[in-house]
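Have a look at the structure below before the remarks.
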There are 2 protein chains.
Amino acid sequence: MDKRITIYTIAEDLGLAPGTISKIINNKGNVSTETREAVLDYIKRIGYVPSSSARMLKSKRTYTIGVIFSEDMKIGLEQAFFSSILQNFKNYAENKGYELSFIVRKLGKNKMSYYEWCLNKRVDGVYIVVGDYQDKELLELVNSKIPCVSTDMIVDNLHTVISDNAQGIKLALEYIKNELKLKKVAMISGPTRSKAFKERIDYFNNNYKKYELEKTDLIIADGFGFTTGYNSAIELLDKNNNPEVIIASSDDIALGILKAIFDRGFNVPDDIQVIGFDDIAFAKHFTPPLTTIRQDRKKLGERAAKDLISHIENDIFHSKEIVTIPVELIERKTTKKK
Amino acid sequence: MDKRITIYTIAEDLGLAPGTISKIINNKGNVSTETREAVLDYIKRIGYVPSSSARMLKSKRTYTIGVIFSEDMKIGLEQAFFSSILQNFKNYAENKGYELSFIVRKLGKNKMSYYEWCLNKRVDGVYIVVGDYQDKELLELVNSKIPCVSTDMIVDNLHTVISDNAQGIKLALEYIKNELKLKKVAMISGPTRSKAFKERIDYFNNNYKKYELEKTDLIIADGFGFTTGYNSAIELLDKNNNPEVIIASSDDIALGILKAIFDRGFNVPDDIQVIGFDDIAFAKHFTPPLTTIRQDRKKLGERAAKDLISHIENDIFHSKEIVTIPVELIERKTTKKK
DNA sequence: TTGTAAGCGTTATCAA
DNA sequence: TTGATAACGCTTACAA
């Protein structure tokens with residue numbers, strides 16, 4: 001019962017050679033449809049699954065995708081937005097027979113670079129969930145032979161799947177002008193080493209005038225989270241430039257802003273309105289529910305997985321491009337149409 | 001440069017036999033301290049790392065831990081509480097040289113049971129993050145030769161690391177009696193198929209009288225989340241039994257309750273007080289910040305990892321036990337001392 | 001079209 | 001204490 005099934009036992013059972021079985025499993029070489037079908041049938045019946053270690057050892061393919069969840073950015077599995085993209089990536093990849101393995105900068109006792117780690121683990125490809133585009137080690141990896149894809153970082157030579165951040169801010173600006181009919185707008189953002197944040201800030205800076213808006217403040221903080229939003233908003237409020245609406249570059253930040261506004265005794269949306277970015281699960285549960293730009297986390301994760309796997313499997317040095325996923329404005333209660 | 005370092009190249013470089021290198025790496029057999037140190041040194045210098053596939057192939061050990069994140073319970077990586085425990089588990093395990101691999105019920109095209117999957121993947125052990133203790137397949141796995149550990153499910157023959165749920169509710173009850181000086185208490189909980197919920201409900205039912213409390217309502221809902229809490233609280237409020245304080249069996253539920261109370265026009269903590277369970281990151285950010293029973297997610301995850309790994313490595317059929325991690329009451333603004 | 005056999009990088013058993 | 005050698009289960013030339 002605990003006897004392991006191998007291509008040898010199968011070959012024996014069927015009166016064939018192990019090599020033939022292998023070819024069939026991998027869809028290679030010439031085998032008569034007759035034997036092919038017989039073998040496939042048999043395999044399914046007895047529930048045979050190839051030993052991944054043997055396969056890896058021999059073929060140099062590991063069916064493993066390394067995941068970089070940049071540590072210095074202090075983003076862990078707890079970060080709802082990214083872990084949800086990752087979840088979708090994972091689902092897709094698993095369906096294609098790949099496993100994920102988190103890349104850490106050491107292995108056993110040894111400290112090592114991302115690239116070394118990948119070499120040693122022989123991952124087939126790398127998914128960079130978030131990354132610092134100035135990180136030398138990351139760039140070393142990106143520019144190596146190992147296929148990489150990212151859902152945040154934009155650098156030369158890297159295929160990335162990213163939300164249409166410009167469109168997101170455009171939506172917000174249009175909405176502010178046409179629906180909210182407001183003038184004075186501020187923005188609070190996370191750091192520009194995240195490309196997504198940078199794009200949002202850039203679009204804002206370059207276009208608010210087009211919508212006849214006035215920029216009262218722009219705070220670029222050094223964090224991603226609630227506390228960052230809170231502190232930045234306190235700072236902003238104390239400057240008394242009196243923005244009518246604040247655009248936050250993430251929902252976590254937006255939620256912190258909301259709290260700060262309350263703590264300062266103002267009301268949302270009557271005194272100040274707020275627009276977030278992401279649409280995390282909690283956005284709709286907050287009081288008041290957050291108006292925000294929704295990113296399509298499912299598409300983001302799945303497309304990234306799809307593209308990475310196709311890089312890996314058709315190892316033609318694929319066209320690396322920036323693929324852009326549309327976003328959408330979700331109107332809730334932190335804004336008020338006039 | 002792309003030449004792979006193996007125990008062969010090392011042996012050659014050092015004028016030794018491959019077998020000797022292997023022994024040293026694995027700390028086995030008799031090797032003179034002299035050669036041992038020389039080899040260890042050399043290995044560190046050139047940054048050699050054993051090929052895991054070769055090792056797996058030969059030794060039957062995969063250094064991989066399967067993770068079950070029960071799907072039918074609709075809990076994904078997005079669930080902050082569980083993913084944070086998992087994160088801590090992961091950190092510990094990785095440090096010990098293990099990798100995590102999520103168990104899915106199929107592999108490639110084939111549907112398969114948890115147990116079959118584990119057999120095929122040859123995982124060294126299994127970590128059940130959350131599980132339904134009535135799930136036949138799960139029980140099959142638990143009762144197999146494969147070492148398992150859980151941080152939620154309690155069944156015969158399963159080692160589990162779990163918060164002291166009884167103590168948590170005890171803390172809440174004491175606090176209600178002695179500090180809040182309240183009488184009428186209600187509870188809203190998730191389903192009893194999660195052992196943690198069951199324990200909390202049981203302790204509450206069996207002990208509220210001891211604290212001279214009056215139970216106005218007990219709602220056992222079928223979900224875990226915000227919406228569950230919201231709907232249950234609306235239901236409860238509409239019954240007009242007027243509890244003075246509501247104990248929620250999770251923070252997500254508590255937050256939903258808070259929202260429902262607001263929506264019905266009541267004030268927290270003046271009209272009704274609320275106590276949660278978990279202390280998720282968001283609990284302190286909510287308005288008002290949630291009083292709750294904090295679970296020690298770090299200890300939970302790390303202890304589970306530690307115990308599993310020791311099961312695996314000292315494959316003595318280890319004492320399976322329930323290990324219990326203390327909890328703590330965090331007082332914030334949804335309660336008010338009298 | 002099918003079979004044979006040489007690795008892949010380890011571990012483990014014996015022999016030296 | 002150290003060295004040689006046979007697996008482990010697969011892939012892939014190459015031979016039949």
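Computed from a predicted model, the values in this text were never measured in an experiment. Naming: A, B, ... by sequence-line order, numbering from 1 per chain.
The side chain of A:S22 contributes no N or O atom lying less than 4.0 Å from OP1 or OP2 of D:dC10. The side chain of B:N30 places no N or O atom within less than 4.0 Å of a non-bridging phosphate oxygen (OP1 or OP2) of D:dT2. One finds no side-chain N or O of A:R55 lying less than 4.0 angstrom from the OP1 or OP2 phosphate oxygen of D:dG9.
Taken from OH in A:Y133 to CG in A:L139, the straight-line distance is 11.0 Å, to the nearest 0.5 Å. How far CG of A:D152 is from OG of A:S194: 4.0 Å, rounded to the nearest 0.5 Å. Interatomic distance, CE of A:M153 versus CG of A:D135, reported as 8.0 Å (0.5 Å rounding).
Listed by residue number, A:T35 are the residues of residues 33-41 of chain A with a heavy-atom contact under 4.0 Å to DNA chain C.
The ring pair (Phe, Tyr, Trp, His ring centres under 6.0 Å) test with A:Y127 is passed by exactly one of A:F82, A:F89, A:Y92: A:F89.
Counting only heavy atoms from C-beta outward, the side chains of A:T9 and A:T6 approach each other to under 4.5 Å. By the 4.5 Å heavy-atom criterion applied to side chains, A:N88 and A:L300 are not counted as neighbours.
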_Test log, rule side-chain hydrogen bond (donor to acceptor under 3.5 Å, both in side chains), inputs B:Y42 and B:D13_ = CA-CA 9 Å; B:Y42 188 69; B:D13 291 356; 2.4 Å; yes

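With rounding to whole Å, B:E12 atom CD is found 16 Å from D:dA4 atom C1'. Atom C1' of nucleotide D:dG9 and atom CD1 of A:I21 are separated by 13 Å, given to the nearest angstrom. Rounded to an integer number of Å, the gap from CD1 of A:I10 to P of D:dT11 is 11 Å. The NZ-P distance, from A:K23 to D:dA13, rounds to 11 Å in whole Å. Rounded to an integer number of Å, the gap from A:L57 CG to D:dT11 C1' is 10 Å. A:K28 has its NZ atom 8 Å from the P atom of D:dT11, to the nearest Å. Rounded to an integer number of Å, the gap from A:K58 NZ to D:dA7 P is 18 Å.
Axis deviation across the helix from C:dT1-D:dA16 to C:dA16-D:dT1 amounts to 40°, comparing end segments of five pairs, rounded to 10 degrees.
Salt bridge B:K306/B:E302: absent, no basic N to carboxylate O contact under 4.0 Å.
The residue B:P18 sits apart from the nucleic acid: no heavy atom pair falls under 4.0 Å. Among the atoms of the strands shown, none is found under 4.0 Å from any heavy atom of A:I25.
A:I65 approaches A:A93 most closely through the heavy-atom pair CD1-CB, 4.3 Å. Annotation for B:V126 and B:L308: closest pair O-CD1, 3.8 Å, computed over non-hydrogen atoms.
Taking the six-membered ring where tryptophan is involved, the planes of A:H311 and A:H159 are perpendicular, since the angle between them exceeds 60° and thus also 30°. Using cut-offs of 30° and 60° on the angle between ring planes, the pair A:Y63 and A:Y98 is tilted.
In summary, contact between chain A and DNA chain C, defined as any nucleotide atom under 4.0 Å from a heavy atom of the protein, begins and ends at C:dT1 to C:dG9 in the 5' to 3' direction.
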